[in-house]
Asker: 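The structure is given below, and queries will be raised subsequently.
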Amino acid sequence: MTVINMPNKSKGTLHSKQGLSSALKYITDPQKTNNGELVSGQNINIPSNAYDEMLLTREMAILAGNQPKENERFGFHFVQSFSPEDNLTPEQVHEIGLKTMKTYLGESAEFVIATHTDKEHLHNHIILNATNPKTLKKFQQSKSQLEELKEISDVISKEYGCKIIDRSLKNSHKKYQVYLAKNSYRKEIESKIKFLLSHASNWTDFKNKATALGLIVDDKGKYTTYQLSGTSQERKVRDRSLKNQAFMKEAISERLKENEVVYTESEVKELWAENQTIHDKEQETEIAMLIEDWQVEKETADYLYVNINIGLERAQRKSAIKIPARCVDKLENGNYQVFLKKQDRFYFVDSKNPENNKIMLGKTVAKNLQNQSGSVPLYSNNAKIKLKQLFNEFDFLISKGLDFDTSFEAIGKELEQTYYQTESILENLDKKILEYVEENKAYARPNTRILKTIENLQKERTDLHKTLKQVEKEMLYYDKSVDRYEDYLQEHTKNKSHHSPRL
């Protein structure tokens, strides 16, 4: 069984040169790595000099204008452990670690991996330079990304016969809604306390008005407790469990001294009712969408990975959106019902180019899933989806029974050719940037020509990415138009056959 994590002591983040140096020295210890035979790296010429090489990359980033921020990240530390029952050799464990990190980070990252054999269970230590030599910006490492790394580790470890933890969905949208219903009283308690902070004059007045709003305040014991009357809340909530110092009795009493306007209980009840009406109107409606089994890349305990094509479907990118289990209901037929909100944040994973991993808002996710499956989002307010002006033009052609001529097909071919050419140029440029940084980072400080070259290469890379995104967008419009025209042809043919005379 394979387990991958970040050390608890540092939480896996190295915030100083000393921390980076100590971590590298520890993981490359010859006594733990078969005299250094089980140490290697990516974009590191000599693993024993990794500390100096990583700092040179950081220095080049600073010279290029990416100034370090407070509490700067110098590196990340990962540990990948294996069970003795997996019967792996140290060389196999090292190979699994290399493949895992390259899949997770791509070819541009600088890291050192060391396989330790000093304990009963074999394990890899990986130190990643926080500075990306290709972009000269910092890598981001979140809890969500760590989950992604664990899943990559599982897939590769399984290829070597390792036992893998079952990661099928353990939560669901239905379960989450039940959970919210059971625990919503905490939010209601917090809302009422916050409201009363501006509408009560002293502690006694606060308690009386809280009672008028259905909130029972008990301050007779060691702790002040809160309980909603007329609800299913069984256990009282202590003030300290609300984890907000402003909600402690002493803090509330001090805050109430600032209030100058005095409200009656009836006025407070009326104002609270108005407040709730406004709040209810502002509540965002969920978007329900059907995800078919063929759209799903994989299902884990915490996430559903849904394949997604950004603009160009033919490119067959290995890209996916991570949708939390709490937003998913698995249906009996193997399909899935997902529930999104426009402002929810979802993680986009690009396996081919990990540096493109990013956060996407729910409205963007819904739009892309709709484009891919043709499934129209179901808004409870029956909001109509606005189509692009381009579609309106093709609708006109369809309504007149006009066919698309060869010029229309030529546009599609030209867009596709432009896309692949741009993508190829971009891949070559990325390799060029990486090679140039690695070759010249030791000489960057006294040489302004090197920095100017890096600046020009980065600008070219940015321009190419803009071109690629624009072509992707145009391809999306084109593909959608073709689909609509094919639907028109099928309908037109069917209507024609219905009106044909019998022979």
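Everything quoted here is computed from the prediction, not taken from an experiment.
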Asker: State which residues pass side-chain hydrogen bond (donor to acceptor under 3.5 Å, both in side chains) with Gln141; sequence neighbours excluded, sorted by chain then number.
Answerer: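 Gln141 satisfies side-chain hydrogen bond (donor to acceptor under 3.5 Å, both in side chains) with Tyr104 only.
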Asker: Have Glu188 and Ser191 got a donor and an acceptor in their side chains that come within less than 3.5 Å?
Answerer: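 Not at all, the side chains of Glu188 and Ser191 share no donor-acceptor pair under 3.5 Å.
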Asker: Quick one, Val112 and Met54 - any side-chain contact, counting heavy atoms below 4.5 Å?
Answerer: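 Touching, per the 4.5 Å side-chain cut-off.
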Asker: Check the side chains of Glu299 and Tyr336 for a donor-acceptor pair under 3.5 angstrom, ignoring hydrogens and angles.
Answerer: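 Yes, Glu299 and Tyr336 have a side-chain donor paired with an acceptor closer than 3.5 Å.
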Asker: Side chains of Ile127 and Ile27, heavy atoms from C-beta outward: is any pair under 4.5 Å?
Answerer: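 Yes - at least one pair of side-chain heavy atoms lies under 4.5 Å apart.
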Asker: Who pairs with Lys102 by side-chain hydrogen bond (donor to acceptor under 3.5 Å, both in side chains), at least two apart in sequence or on another chain?
Answerer: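 Scan of Lys102 (side-chain hydrogen bond (donor to acceptor under 3.5 Å, both in side chains), adjacent residues dropped) gives none.
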Asker: Under 3.5 Å, side chain of Thr33 to main-chain N/O of Thr115, donor-acceptor pair present?
Answerer: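 No: the side chain of Thr33 does not pair with the backbone of Thr115.
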Asker: For the backbone of Pro84 and the side chain of His121, can you confirm whether one donor and one acceptor N or O come within less than 3.5 Å of each other?
Answerer: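 Flag not set: sc His121 to bb Pro84 has no pair under 3.5 Å.
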Asker: Taking the six-membered ring for Trp, are His116 and His123 parallel (under 30°), tilted (30 to 60°) or perpendicular (over 60°)?
Answerer: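 Rings of His116 and His123: perpendicular, as their planes differ by over 60°.
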Asker: I'd like to check the side chain to side chain contact (heavy atoms under 4.5 Å, CB included) partners of Leu331; sequence neighbours left out, ordered by chain and number.
Answerer: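 Leu331 satisfies side chain to side chain contact (heavy atoms under 4.5 Å, CB included) with Leu290, Asn333, Asn335, Gln337 once adjacent residues are dropped.
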Asker: Heavy-atom distance under 4.5 Å between the side chains of Thr103 and Ile156, does that happen here?
Answerer: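 Side chain of Thr103 against side chain of Ile156, heavy atoms only: contact under 4.5 Å found.
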Asker: Can you list the residues that meet the ring-ring contact (aromatic ring centres under 6.0 Å, His included) rule with Phe195, with sequence neighbours excluded?
Answerer: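 Here the qualifying residues are His199, Trp272.
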Asker: How about Glu151 and Tyr303: does a side-chain donor come under 3.5 Å of a side-chain acceptor?
Answerer: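 No, no side-chain donor-acceptor contact under 3.5 Å.
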Asker: Name all residues meeting the side-chain hydrogen bond (donor to acceptor under 3.5 Å, both in side chains) criterion together with Asn87; count only those two or more places apart in sequence or in a different chain, and write none if there are none.
Answerer: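 Applying side-chain hydrogen bond (donor to acceptor under 3.5 Å, both in side chains) to Asn87 gives none.
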Asker: Quick one: ring-ring contact (aromatic ring centres under 6.0 Å, His included) partners of His94, sequence neighbours excluded?
Answerer: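 Applying ring-ring contact (aromatic ring centres under 6.0 Å, His included) to His94 gives none.
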Asker: For the side chain of Arg238 and the backbone of Tyr226, is there at least one donor-acceptor N/O pair under 3.5 Å apart?
Answerer: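 No; judged by distance alone, with no hydrogens or angles, the pair does not exist.
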